[in-house]
Every structure is written in structure tokens, then in C-alpha cells.
Amino acid sequence: MKVVMLGTGMGTVMDLYNTCFVMQNDRGVFLIDAGGSIEIKKRLKKANIKLEDLENVFISHSHADHILGLIWLLKGMAGVIMKSTHKNKMNIYCNDKVYEAIEGIFSYTLPQDLLEKIYDYVNFIILNNGSCYDINGVYYEFFDICAKGSKQYGFSCMLDKKKFVFLGDEPLNSLLKENVRDADYVMHEAFCLDKEKDIFHPYEKNHSTALSTAKVMSELNVKNLILYHTEESHRDKSELYKEEAANEFLGNIIVPNDMEVIELV
Ligand SMILES: [Zn+2]
């Protein structure tokens, strides 16, 4: 399994793309969030992923930087969808609030004839806390991350006996500590460096810093920590974030840049 980071930025980035990624194995691809713009099409193309090969998509929550790219994906597939030449449907996994948002956005932004075909093509799977699905041969358990903002889901899965956890774009709620303890891989947001918190105000925006995340993940005995959803003021953020996180976290720290591939097992 590899993780292809299509974007690693926070909500309002312009040089980076908003955080979204693909879980890719020999069975296929699973897209996690879509970013906020038509740039998603370019990122998928760069990663050699054809839109019609996207059979499984998960949208974590309804914020613009995670959901709006979906409109452009489906609009970009209009040719395929209208002609009904596709072999397989697209499964979109999301919680009920995300579904409401998607339905609303679709109805206001897409032409009626395409809309009807899209509802034919897309299979919405509304997630509950603890819902489990086999996607490309991997068993994913989706859970409510108990976000302070809009209703948001993350997931965990086992990859060759290694536990992988994706925690969305809010700081870990202490209710979820046991979902994370001893995990092999944890994906957690880090909005900025702790030493730059007075510039970027992560806590006011309900986000974390590299240092604060590292501290929590160290206490939970996580082995590999992947940090994303960052601001974009540093040309090479990777080394800076890693260096800061290493003050608290002794395991492996990965701070990917856009389009970086993380090989998992
Ligand atoms: Zn976000």
C-alpha cells in the first residue's frame, strides 16, 4: 500500500493544494477528500490516476477545502457519465451532514441532465460511527472524530498487521485516544510550527502545531507520524516541521510535500 499525497495544505493555500490523498494498492485507488478546486483533476493526472478509475471516494467533512473538488471531479467526468460508458459505479463514503452538503451543492451547481446521470453513477454510502467497509481488499473502519467544527469522520485500517489511522483536520479529541494508542501509522494535522503560533494562530482555528501533535502522539506510543494540512510559508516545510516534532516524538516523522508518495508496507 502507498499513500499518494495529492495535496498537503490547509484550507486557504494557493501554492500547495488542500490536503487530500489516495490510498493505492494493486487492487485500485481510494481517494480521501477532494480538495477545494479543479486542481484535483491536475493532481490525479500527475499521479497517473484516470478519473474513471476512481471507484471509491471518502469525504471527511463538508468544509470547502475538502468537498468542492468533488464537483469538479464529477463535472470532469461528464463525458463518461452522460454516455453511460462506465463499467463501474463510484462509491462515495461520507457522513449524513456531508451528504446533505453534497446534495445541496450539486443541485445548485450542476446542470439537471448531468445531475440525473450522476445520481445514477454515484452510490452514496452514508457512514455511521463504527461503519466498516472492504475497499480494494482492505477493511476500513470509519469513526466520528468528535470534531468541534462540522461533523467529521476519520478511519482506521489494518495493513499487513500494521494499524493505520487517519484523523482528519482537527486536533485529536481525547475521547479517541484508545483508537490511536500503539498505532503504527497516524495521519494528523499540523497547521504550523509551534514557534510560529503567534503568526498563524492554530489554536484559535481549532488546529495543532507540529510540536503539540508530536507530544500527544508520543504519549500514545505511535510509531510513524504523518503531518499534513499545513500553512505554506516555508519553501521546504518538511525538515522544519520534522525538526520541531522530533523534540517530543522519537518515532518516525513524515511531513510530505504535495505529490509525495509514502510507501507503507
Ligand atoms: Zn481542512
Side-chain angles (χ1 to χ4, degrees), residues 3-23 30-44 57-73 92-102 104-105 127 142-155 165-173 176 180 186-194 196-197 199-210 212-213 216-217 225-234 237-238 241 254-260 262:
V3 176
V4 184
M5 297 300 303
L6 302 174
T8 62
M10 48 76 137
T12 56
V13 288
M14 290 191 289
D15 295 326
L16 294 175
Y17 188 48
N18 311 119
T19 294
C20 57
F21 59 96
V22 155
M23 305 282 291
F30 177 28
L31 175 66
I32 316 301
D33 285 331
S37 76
I38 199 166
E39 180 73 16
I40 184 68
K41 285 178 63 192
K42 208 195 261 182
R43 300 295 170 125
L44 286 165
V57 177
F58 166 61
I59 304 291
S60 63
H61 63 301
S62 59
H63 284 171
D65 56 318
H66 299 262
I67 201 171
L68 293 182
L70 186 64
I71 303 297
W72 296 105
L73 271 187
I92 298 181
Y93 301 82
C94 61
N95 69 53
D96 56 342
K97 293 292 167 201
V98 173
Y99 176 68
E100 274 173 32
I102 292 174
I105 300 165
L127 301 168
F142 296 90
F143 56 85
D144 193 327
I145 69 158
C146 307
K148 290 210 176 105
S150 47
K151 187 171 180 178
Q152 182 168 174
Y153 272 33
F155 63 77
V165 188
F166 165 68
L167 290 167
D169 76 352
E170 282 204 14
L172 178 71
N173 188 311
L176 293 176
V180 175
V186 171
M187 294 188 73
H188 190 288
E189 56 96 19
F191 194 72
C192 62
L193 296 170
D194 202 74
E196 293 182 339
K197 59 176 181 279
I199 305 172
F200 297 109
H201 310 288
Y203 302 117
E204 291 87 327
K205 292 169 185 148
N206 203 21
H207 289 308
S208 323
T209 68
S212 67
T213 304
V216 175
M217 294 303 148
L225 177 59
I226 302 169
L227 300 175
Y228 55 87
H229 205 275
T230 70
E231 52 81 26
E232 60 180 350
S233 68
H234 299 287
K237 64 175 176 177
S238 191
Y241 278 64
I254 303 165
V255 186
N257 277 300
D258 282 21
M259 296 311 299
E260 206 167 305
I262 306 166

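A quick note: this is a predicted structure, and the numbers were derived from the prediction, not measured. First listed ligand is number 1; within each ligand, the first listed atom is number 1.
- By the side-chain contact (heavy atoms from CB on, under 4.5 Å) test, Ser60 pairs with Asp33, Phe58, His66, Gln152, Phe166, sequence neighbours left out.
- Shown are the protein N/O/S atoms under 2.8 Å from the Zn ion (ligand 1), given by residue and atom: Asp65 OD2, His66 NE2, Asp169 OD2, His229 NE2.
- Within the 4.5 Å cutoff, no side-chain heavy atoms of Cys192 are placed close to those of Ile199.
- Ring planes of Phe30 and Phe155: tilted class, angle from 30 to 60°.
- The side-chain hydrogen bond (donor to acceptor under 3.5 Å, both in side chains) search around Asp144 returns none, not counting sequence neighbours.
- With sequence neighbours excluded, no residue forms a ring pair (Phe, Tyr, Trp, His ring centres under 6.0 Å) with Tyr153.
- Within the 4.5 Å cutoff, side-chain heavy atoms of Leu68 are placed close to those of Ile105.
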